[in-house]
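Structure record follows, encoded as structure tokens.
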Amino acid sequence: MKKALIVWGGWEGHEPRQVSEIIAAELAKVDFEVRVENALEVYAEAETLKSFDLIFQSVTMSTIGKEQLKGLLDAVRGGVGFAGLHGGACDSFRNECDYQFMTGGQWVAHPGGIVDYTVNITNHGDPITAGLADFSMKSEQYYMHVDPSNEVLATTTFSGQHGGVDWIRGCVMPVAWKRRYGQGKVFYSSLAHVAKDLEVPEALAIAVRGCQWAAR
């Protein structure tokens with residue numbers, strides 16, 4: 001049985017507790033032993049972090065201490081997997097470039113707020129997206145700054161019709177990716193603005209499979 005640490009917090013608008021509860025329940029179904037923390041202090045406990053196979057983070061628009069950040073990055077670099085969704089992973093600590101180097105991206109906009117958009121599966125051979133077809137979402141469509149070394153699994157294309165940003169019409173943006181950081185595996189999906197978004201079967205499948213892939 002693998003061990004997962006789920007850490008949640010930050011802005012309540014992203015429903016970090018509710019999203020974490022869903023992920024915890026889903027990971028338990030696939031034989032993970034799950035520990036949940038509502039504080040970043042655990043990141044400073046180096047030996048504790050090393051005991052986990054996966055860290056799932058749902059912390060948005062927050063700050064992190066130097067020792068906490070060092071502990072997290074050292075753990076992932078040393079082989080502990082990392083996974084997260086939406087702003088809970090790629091809008092967590094806006095001032096921390098080293099953290100963004102690990103995750104592979106950072107949110108910068110969601111034009112129009114809640115909009116209808118399509119997620120296109122671009123890698124049908126990967127176990128995270130295998131068997132999934134393109135699907136629709138009604139949520140925030142994340143425009144992000146992304147690392148070119150990411151292995152992209154799914155994308156979305158901006159219509160330019162929302163939020164008065166017609167200049168991004170036709171822009172293809174990564175939605176889900178995986179990457180390496182040292183010895184650790186990192187997975188991210190921009191889906192799950194709120195917990196209800198995970199009622200979309202494909203969004204939930206990508207999240208759970210991504211966690212399974214990232215785990216050591």
Side-chain angles (χ1 to χ4, degrees), residues 1-93 96 98-100 102-104 127-128 176-199 203-216:
M1 179 175 284
K2 292 185 180 292
K3 296 178 64 178
L5 171 66
I6 294 179
V7 180
W8 67 272
W11 182 56
E12 293 183 358
H14 274 160
E15 300 183 354
R17 178 182 59 80
Q18 296 93 322
V19 169
S20 294
E21 288 173 349
I22 291 171
I23 296 301
E26 292 298 320
L27 290 180
K29 292 178 185 178
V30 290
D31 296 327
F32 275 80
E33 177 186 333
V34 180
R35 171 178 164 183
V36 180
E37 293 286 340
N38 178 215
L40 297 176
E41 281 76 10
V42 67
Y43 285 166
E45 301 173 13
E47 292 305 313
T48 298
L49 288 191
K50 290 178 184 177
S51 70
F52 290 99
D53 300 292
L54 173 72
I55 297 168
F56 177 88
Q57 181 179 284
S58 186
V59 177
T60 308
M61 292 185 287
S62 188
T63 57
I64 188 169
K66 290 183 179 180
E67 289 304 310
Q68 295 164 358
L69 179 60
K70 181 179 185 304
L72 172 60
L73 298 183
D74 285 351
V76 179
R77 194 182 294 115
V80 179
F82 181 89
L85 308 174
H86 202 69
C90 280
D91 191 23
S92 300
F93 315 118
E96 305 297 345
D98 288 341
Y99 172 81
Q100 294 161 21
M102 184 268 286
T103 60
I128 298 175
W177 64 74
K178 62 182 187 178
R179 60 184 283 107
R180 294 275 179 166
Y181 182 74
Q183 299 300 309
K185 293 183 289 184
V186 175
F187 162 77
Y188 173 75
S189 167
S190 67
L191 308 176
H193 166 58
V194 290
K196 187 175 178 60
D197 289 354
L198 293 174
E199 293 178 5
L204 181 60
I206 288 171
V208 176
R209 292 178 187 181
C211 288
Q212 290 177 285
W213 173 82
R216 176 161 49 187

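A search for ring-ring contact (aromatic ring centres under 6.0 Å, His included) contacts involving W8 returns nothing, not counting sequence neighbours. With sequence neighbours excluded, the residues that form a side chain to side chain donor-acceptor pair (under 3.5 Å) with E21 are R17. A search for side-chain contact (heavy atoms from CB on, under 4.5 Å) contacts involving E41 returns A39, Q68, not counting sequence neighbours. The side chain to side chain donor-acceptor pair (under 3.5 Å) check on D53 picks up nothing, with sequence neighbours excluded. Under the ring-ring contact (aromatic ring centres under 6.0 Å, His included) criterion, Y181 pairs with no residue at all, not counting sequence neighbours. Applying the side-chain contact (heavy atoms from CB on, under 4.5 Å) criterion to T48, with sequence neighbours excluded, gives R35, V42, E45, F52. Listed by chain and number, the residues in a ring-ring contact (aromatic ring centres under 6.0 Å, His included) with F187 amount to none (sequence neighbours excluded). Among residues two or more places apart in sequence or in another chain, the salt bridge (Lys or Arg N to Asp or Glu O under 4.0 Å) test is passed with E96 by none.
V59 and L40 get closest at one heavy-atom pair: CG2-CD2, 4.2 Å. When all heavy atoms of A215 and K2 are compared, the pair lying nearest together is CB-CD, 3.9 Å. The two atoms that bring V34 and A28 nearest to each other are CG2-N, 4.4 Å, heavy atoms only. Across every non-hydrogen atom of A24 and V36, the tightest pair is CB-CG2, 4.5 Å. Looking at every heavy atom in both residues, C211 comes nearest to I23 through SG-CG2, 4.4 Å. Of all heavy-atom pairs spanning I206 and A176, the tightest one is CG2-CB, 4.2 Å.
Not a single donor-acceptor pair under 3.5 Å links the side chain of S62 to the backbone N or O of G10.
Residue pairs that meet the salt bridge (charged side-chain N to carboxylate O under 4.0 Å, His left out) test with at least one member in residues 61-71, sequence neighbours left out, are K70-D74. Among pairs with a residue in residues 183-193, none fulfils salt bridge (charged side-chain N to carboxylate O under 4.0 Å, His left out), at least two apart in sequence or across chains. Sorted pairs that involve residues 206-216 and meet side-chain hydrogen bond (donor to acceptor under 3.5 Å, both in side chains), not counting sequence neighbours, are lacking altogether. Sorted by first and then second residue, the side-chain hydrogen bond (donor to acceptor under 3.5 Å, both in side chains) pairs involving residues 81-93 (not counting sequence neighbours) are H14-H86, Q57-S92, H86-E140, H86-Y142, H86-H193, D91-R94, D91-Q106, S92-Y99.
L85 has its side chain within reach of V19: a pair of non-hydrogen atoms, C-beta onward, lies under 4.5 Å apart.
Taken from CZ in F32 to NZ in K3, the straight-line distance is 12.5 Å, to the nearest 0.5 Å.
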Candidate pair D197 and L191, rule side chain to side chain contact (heavy atoms under 4.5 Å, CB included), full reasoning
CA-CA 7 Å; D197 289 354; L191 308 176; 5.9 Å; no
Show your working on side chain to side chain contact (heavy atoms under 4.5 Å, CB included) between V80 and L5 and close with a plain yes or no.
CA-CA 10 Å; V80 179; L5 171 66; over 6 Å; no
